[in-house]
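See structure below.
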There are 2 protein chains.
Amino acid sequence: MTTDTTGTAARDGEPRRGGPADSAFVRACRREPGPHTPVWFMRQAGRSLPEYREIRANVGMLDSCRRPELVAEITLQPVRRHGVDAAILFSDIVVPVAAAGVDLDIVAGTGPVVAEPVRTREDVERIRPITRDDVSYVDEAVRMLVAELGDTPLIGFAGAPFTLASYLVEGGPSRTHAKTKALMYGQPELWHALCARLAEVTAAFLKVQVDAGVSAVQLFDSWAGALSEADYRRYVLPHSAAVLAGLADDFSGSRRGDGRAEPERSQGVPRIHFGVGTGELLGAMGEAGADVVGVDWRTPLDQATRRIGPDRAVQGNLDPCVLLAPWSVVETEVRRILEQGRAAPGHVFNLGHGVLPETDPDVLTRVVALVHEVSARPAD
Amino acid sequence: MTTDTTGTAARDGEPRRGGPADSAFVRACRREPGPHTPVWFMRQAGRSLPEYREIRANVGMLDSCRRPELVAEITLQPVRRHGVDAAILFSDIVVPVAAAGVDLDIVAGTGPVVAEPVRTREDVERIRPITRDDVSYVDEAVRMLVAELGDTPLIGFAGAPFTLASYLVEGGPSRTHAKTKALMYGQPELWHALCARLAEVTAAFLKVQVDAGVSAVQLFDSWAGALSEADYRRYVLPHSAAVLAGLADDFSGSRRGDGRAEPERSQGVPRIHFGVGTGELLGAMGEAGADVVGVDWRTPLDQATRRIGPDRAVQGNLDPCVLLAPWSVVETEVRRILEQGRAAPGHVFNLGHGVLPETDPDVLTRVVALVHEVSARPAD
């Protein structure tokens with residue numbers, strides 16, 4: 001399934017060449033040159049794949065996230081099928097809050113439904129901090145996957161405080177996030193207490209994954225784009241920053257000298273931060289502590305890079321709807337995105353949001369091949 | 001209900017001072033100085049008002065749009081209650097396509113539902129051009145309203161081709177607009193034929209309103225923000241431009257000299273163009289032929305003005321969710337927006353999207369008073 005592109009064996013006292021830390025994906029996250037632009041897809045493990053629909057046929061969503069063998073199998077399916085450059089842990093953003101004691105379910109066709117939406121300080125207090133034991137299934141799944149994936153990196157997965165808070169306050173998905181914003185504006189202390197608690201739970205959830213061996217993490221703030229930059233900076237950024245701060249990978253020093261990857265022993269990993277409709281927030285989301293900022297299709301990657309600055313890589317940004325178009329359209333768009341991505345100091349090719357269920361998986365496979373072909377760089 | 005703020009009688013051969021064409025609202029649209037920043041609210045006529053819920057209790061949405069007395073009454077309700085600077089014709093964006101023969105209904109809690117979604121050239125051909133007789137109820141309602149409103153301007157209302165096409169292709173509201181974009185990318189000729197037909201219907205619908213006396217029009221491209229700028233320019237802008245081109249108000253020459261309003265006899269009126277999440281599209285939406293570009297709360301008005309350029313006014317941009325917050329928050333935000341709006345050559349205060357049903361109408365009334373108070377300019 002994976003190949004060691006360097007073939008260099010580890011020597012005593014030196015980091016091993018090859019392995020996930022030396023992969024095209026991790027290199028791009030670290031703004032280091034690599035053999036090609038890496039590519040993976042948000043929701044690559046999911047409803048577009050017949051083998052996923054089959055394995056999920058009689059298993060509820062939350063249940064499927066809590067069974068390590070199932071998590072591992074679902075996570076591996078798109079790696080096998082498409083040859084993507086990274087796997088992402090199959091999970092759901094409400095998994096850690098469910099582990100923290102929030103009574104919720106994921107209803108097919110609707111999304112998360114919370115039995116008692118958060119309204120008071122007592123509701124916040126009932127969200128208890130989590131430990132490894134509360135999500136031991138995630139620890140197990142990650143360890144199984146890391147062993148299985150070899151040189152292919154595994155990305156850890158969590159929802160960010162604002163997006164989690166929206167589900168908890170609204171009681172489910174919302175178009176407007178009106179109750180969430182009303183609480184944010186009207187009871188800022190309660191809001192900050194809620195987000196601080198969610199940040200704590202999220203950081204613990206990601207730490208379990210990092211300790212178990214993921215090579216990077218992605219913090220999904222899917223609905224942050226509902227906010228103005230001023231509100232984002234005031235009500236959200238500090239909490240997302242608290243999550244990401246604890247995971248920092250101290251690799252910046254290693255890029256001096258010859259520019260080659262010399263990963264140091266570190267508790268941290270590259271951090272990707274993603275949201276939809278965040279054109280006005282890209283700079284702020286980077287400042288929250290991202291090594292890689294996810295960009296949706298609304299903002300071209302060269303413009304996004306100007307807003308984010310030269311110190312972070314970008315990830316994106318094919319409109320998932322383009323995958324429903326004829327191949328000639330897909331190809332044109334992929335080439336355009338690769339070209340615009342050259343403006344960034346590192347580019348991880350991805351969609352601008354998750355794979356739509358109606359997507360033909362063969363198109364995803366072709367996109368991976370095309371990205372690799374077009375972006376291939378001669379070995380140095 | 002309305003007052004003539006100038007008290008100047010018309011003289012032979014000169015435009016009458018006072019009247020809607022000399023209102024604060026129309027002046028702001030034309031980037032001319034006025035007595036204060038004008039304010040109205042998208043969906044001001046609607047579910048936030050108890051008198052609206054009462055009058056709509058046993059009347060379906062489409063039915064209510066087709067009864068001139070009801071349209072007039074609903075349109076007037078927020079003018080009476082809040083003292084807004086403009087009324088907007090109560091209608092729905094699917095009214096003209098229903099008049100054009102498309103079988104649809106507006107389902108409470110869902111939105112428009114189209115019986116047979118558009119898939120083929122034949123489906124497009126079945127959308128027939130409309131005449132005044134097809135929407136005589138709109139003509140009647142506008143004439144009643146113009147007589148009733150006196151000096152308060154009435155804004156005409158229509159949905160733009162992309163947003164209409166999305167409803168027709170999806171068969172109803174959509175989060176992703178996936179079928180719409182698939183048709184757009186995959187069958188561009190069919191797409192352009194559909195949008196050209198919708199532009200024709202929309203232009204006719206707005207022309208009926210202009211002929212009946214509206215003082216301005218707003219073209220709602222609510223979902224255009226789902227598109228990248230490149231796709232917007234390629235697939236949407238030409239059709240929106242076709243709608244707006246026929247309505248242009250030739251007032252640009254009249255601003256030379258002393259800068260005062262000297263409206264010339266014209267078939268046209270100021271044109272407002274609005275969408276949600278259009279931060280990347282603001283310049284292009286202006287180029288489509290807008291005198292005023294609507295901006296949602298994600299983009300501060302001073303930044304929006306830099307993107308739009310000095311030749312157009314802006315409208316916006318209070319987050320409708322802020323109206324659910326304590327008054328101190330509302331006041332701070334209103335003052336900030338008025339301050340940022342000074343960067344624009346004209347500013348119409350509004351929300352960044354429609355009034356939420358759960359909004360306390362008294363807050364809207366207070367916002368109108370605050371906008372007027374803070375923005376009042378001494379008479380010259």
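Throughout, a chain's letter reflects where its sequence line sits, starting with A, and its residues are numbered from 1.
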Side chain to side chain contact (heavy atoms under 4.5 Å, CB included) evaluation trace for B/K179 with A/E358 = CA-CA 10 Å; B/K179 292 190 182 79; A/E358 60 265 46; 5.8 Å; no
Identify which of B/V329, B/V330, B/T299, B/T176 forms the greatest number of heavy-atom pairs closer than 4.5 Å to chain A.
-> B/T299
What residue in B/G352, B/A178, B/P300, B/A325 has the most heavy-atom pairs under 4.5 Å with chain A?
-> B/A178
Salt-bridge test for [X] and [Y]: reply yes if a basic N is under 4.0 Å from a carboxylate O, no otherwise.
| X | Y | value |
| --- | --- | --- |
| A/E229 | A/R233 | yes |
| A/E280 | B/R307 | yes |
| B/E333 | B/R336 | yes |

With distance as the sole criterion, is a donor-acceptor pair present between the side chains of B/Q340 and B/Q303 under 3.5 Å?
-> no
Bottom line for B/D319: the part with an atom under 4.5 Å from chain A's heavy atoms is side chain
Side chain, backbone, both or neither: which part of B/Q187 has a non-hydrogen atom closer than 4.5 Å to chain A?
-> neither
Max heavy-atom pair count under 4.5 Å with chain B, selected residue of A/L356, A/V322, A/D296 = A/V322
Out of A/P320, A/G279, A/G225, which one racks up the most heavy-atom pairs below 4.5 Å with chain B?
-> A/G225
Contact check, side chains of A/Y167 and A/P173, non-hydrogen atoms, under 4.5 Å | yes
Which region of A/L323, side chain (C-beta onward) or backbone (N, CA, C, O), has a non-hydrogen atom less than 4.5 Å from a non-hydrogen atom of chain B, or is it both or neither?
-> neither
